[in-house]
Amino acid sequence: MDERIFLASPHMSEEGYELQYVHEAFDTNWIAPLGENVNQFENELADKVGIKSAAALSSGTAAIHLALKAAGVGEGDVVFCPSLTFSASANPIIYQSATPVFIDSDEKTWNMDPEALEEAFKKYPNSKAVIVVHLYGLSADMDRIIDICNKHDVALIEDAAESLGTYYKGKQTGTFGDYGIFSFNGNKIITTSGGGMLISNNEEKIAKARFWATQARDKARHYQHSELGFNYRMSNVVAGIGRGQLKVLDGRVAKKNYIFNYYKKELENLEGIEFMPTNSFDAPNRWLSCITLNGKVRPIDIMGALEKENIESRPIWKPMHMQPFFKVYDFIGNDVAEKLFANGVCLPSDTKMTDADLERVVKIIRGLWL
Ligand SMILES: *Cc1c(COP(=O)(O)O)cnc(C)c1O
């Protein structure tokens with residue numbers, strides 16, 4: 001059996017940058033707590049994306065949680081969130097005892113539909129916050145979403161877990177909202193094995209998030225707490241991996257785009273295949289190359305044929321309003337997210353793939369049309 005091809009798996013730099021920083025932490029015995037790698041990873045990432053302040057955390061999920069808390073979301077508050085996303089976008093709303101209301105996708109972006117969002121504000125005029133997601137590294141229609149959020153005076157949180165390296169009108173996604181988050185989970189475009197980052201131009205709020213993330217310890221000789229705390233900080237070893245990975249981010253984005261363009265050139269003429277949308281405002285990182293199928297060949301045919309040859313692929317995210325846990329919450333929109341789930345496939349987009357690997361995938365898929 002040929003070697004397995006993954007959807008997206010960790011890819012350390014050929015230069016060994018990550019280990020250099022990890023070694024520095026070991027050499028000084030400073031593997032924990034916090035330390036130089038954490039501080040520098042925050043600074044280097046903030047510089048790279050163009051934001052004032054960043055807090056390195058244990059996961060992207062923790063970053064969303066603290067963003068909601070910083071935005072003042074609490075018990076009973078309504079938070080709008082796209083239905084088509086990973087559950088980690090929505091779970092922290094429940095951690096805060098708030099209520100998610102799910103919003104349909106826009107066919108043009110696959111992300112939050114601004115018209116459905118407007119509808120949602122008619123039904124829930126007192127909503128407290130909006131979480132917008134840039135799925136698969138495609139940017140949402142930010143100008144319209146920002147306008148709507150400003151008009152209704154609500155906090156905007158950008159879940160950019162999948163879109164580090166994606167630019168909207170020349171500006172990094174995640175830097176438009178009051179808060180943005182990135183993830184460094186193992187399948188993301190760069191990884192620290194696990195971790196996340198909360199970013200904002202509001203330095204005071206980021207300082208507060210760091211305080212909550214280290215058990216909310218007040219300044220005192222003894223352990224003194226006047227607020228609820230969390231153990232959400234990133235370790236100094238993990239941050240070393242992140243510093244190294246940040247150096248190869250641009251290269252990873254270039255390779256992801258190469259993979260996407262390869263598939264597009266080889267597959268786009270097959271009947272019923274449509275590639276994920278590209279908009280003029282969008283410079284996507286192509287975290288995953290995704291297609292929809294509207295002809296005789298179905299997603300299950302492609303996924304089955306690839307799996308038989310030891311190649312990983314996956315359906316598009318199953319919408320939250322269709323999930324057993326989340327379906328009790330309200331949903332605003334039509335059937336766009338549902339159709340993307342029914343017809344979509346994520347093709348293997350691992351940056352370690354060679355041209356021979358890409359050819360292997362393409363040949364199997366083309367074979368289904370013979
Ligand atoms: C991965 C991901 C997250 C969660 O990040 P973790 O670091 O795994 O907690 C949140 N939202 C989206 C859209 C993701 O893809």
Side-chain angles (χ1 to χ4, degrees), residues 6-10 41-42 45 54-69 79-96 100 102-103 105 109-112 129-140 142 145 156-166 173-174 177 179-199 209 213 230-235 238-239 241-242 245-246 252 256 276 284-290 314-320 323 325-326 337 340-341 344 346 349-350:
F6 292 98
L7 200 64
S9 68
F41 187 33
E42 291 178 344
L45 182 121
L57 302 173
S58 52
S59 70
T61 310
I64 298 171
H65 188 187
L66 294 187
L68 288 167
K69 196 169 155 64
V79 177
F80 297 140
C81 174
S83 186
L84 191 74
T85 187
F86 180 44
S87 64
S89 305
N91 283 331
I93 302 171
I94 314 279
Y95 302 165
Q96 281 302 96
F102 295 110
I103 312 290
S105 299
T109 62
W110 288 16
N111 288 306
M112 183 179 267
V130 172
I131 297 176
V132 65
V133 184
H134 305 289
L135 221 54
Y136 302 119
L138 298 174
S139 71
M142 288 312 287
I145 288 169
L156 175 59
I157 297 166
E158 277 182 274
D159 177 347
E162 302 176 4
S163 72
L164 183 58
T166 291
T173 50
Y179 304 94
I181 76 96
F182 297 112
S183 166
F184 311 110
N185 189 42
N187 59 353
K188 299 302 190 314
I189 192 154
I190 60 171
T191 180
T192 60
S193 73
M197 195 76 81
L198 174 66
I199 63 167
F230 301 85
N231 185 2
Y232 274 175
R233 271 302 235 168
M234 182 180 277
S235 96
V238 159
I241 305 174
Q245 285 271 282
L246 205 52
R252 296 292 179 265
K256 293 276 194 190
M276 63 212 291
N285 71 1
R286 302 293 186 203
W287 173 56
L288 295 184
S289 288
C290 306
R314 209 200 271 155
I316 297 288
W317 299 118
K318 180 173 179 178
M320 289 304 114
Q323 299 286 354
F325 181 77
F326 289 107
L340 287 169
F341 170 59
C346 308
S349 309
D350 198 287

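The analysis underlying the following values was restricted to heavy atoms, covering all of them including side chains, and did not include hydrogens, waters or symmetry mates. One-based numbering, in listed order, for ligands and for the atoms of each.
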Is any side-chain heavy atom of Cys81 closer than 4.5 Å to one of Ile93?
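Yes, at least one pair of side-chain atoms sits under 4.5 Å.
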Do Leu7 and Arg314 come within less than 4.5 Å of each other through their side chains, counting heavy atoms only?
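A side-chain contact under 4.5 Å exists here.
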How are the rings of Tyr136 and Trp287 set to each other: parallel, tilted or perpendicular (split at 30° and 60°)?
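Parallel, since the angle between the ring planes stays under 30°.
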Atom-level proximity to ligand 1, residues with heavy atom under 4.0 Å
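Residues within 4.0 Å of ligand 1: Ser59, Gly60, Thr61, Thr85, Phe86, Ala88, Ser89, Val133, Asp159, Ala161, Glu162, Ser183, Asn185, Lys188, Gly195.
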Applying side chain to side chain donor-acceptor pair (under 3.5 Å), name anything that partners Ser83, two or more places apart in sequence or on another chain.
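Once residues adjacent in sequence are excluded, the partners of Ser83 under the side chain to side chain donor-acceptor pair (under 3.5 Å) criterion are His321.
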So, taking the atom named OG1 in Thr166 and the one named CG in Asn285, what distance separates them when rounded to the nearest 0.5 Å?
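One gets 3.5 Å once the value is rounded to the nearest 0.5 Å.
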For Arg233 and Ala56, indicate whether the former's side chain and the latter's backbone hold a donor-acceptor pair under 3.5 Å.
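At least one qualifying donor-acceptor pair exists.
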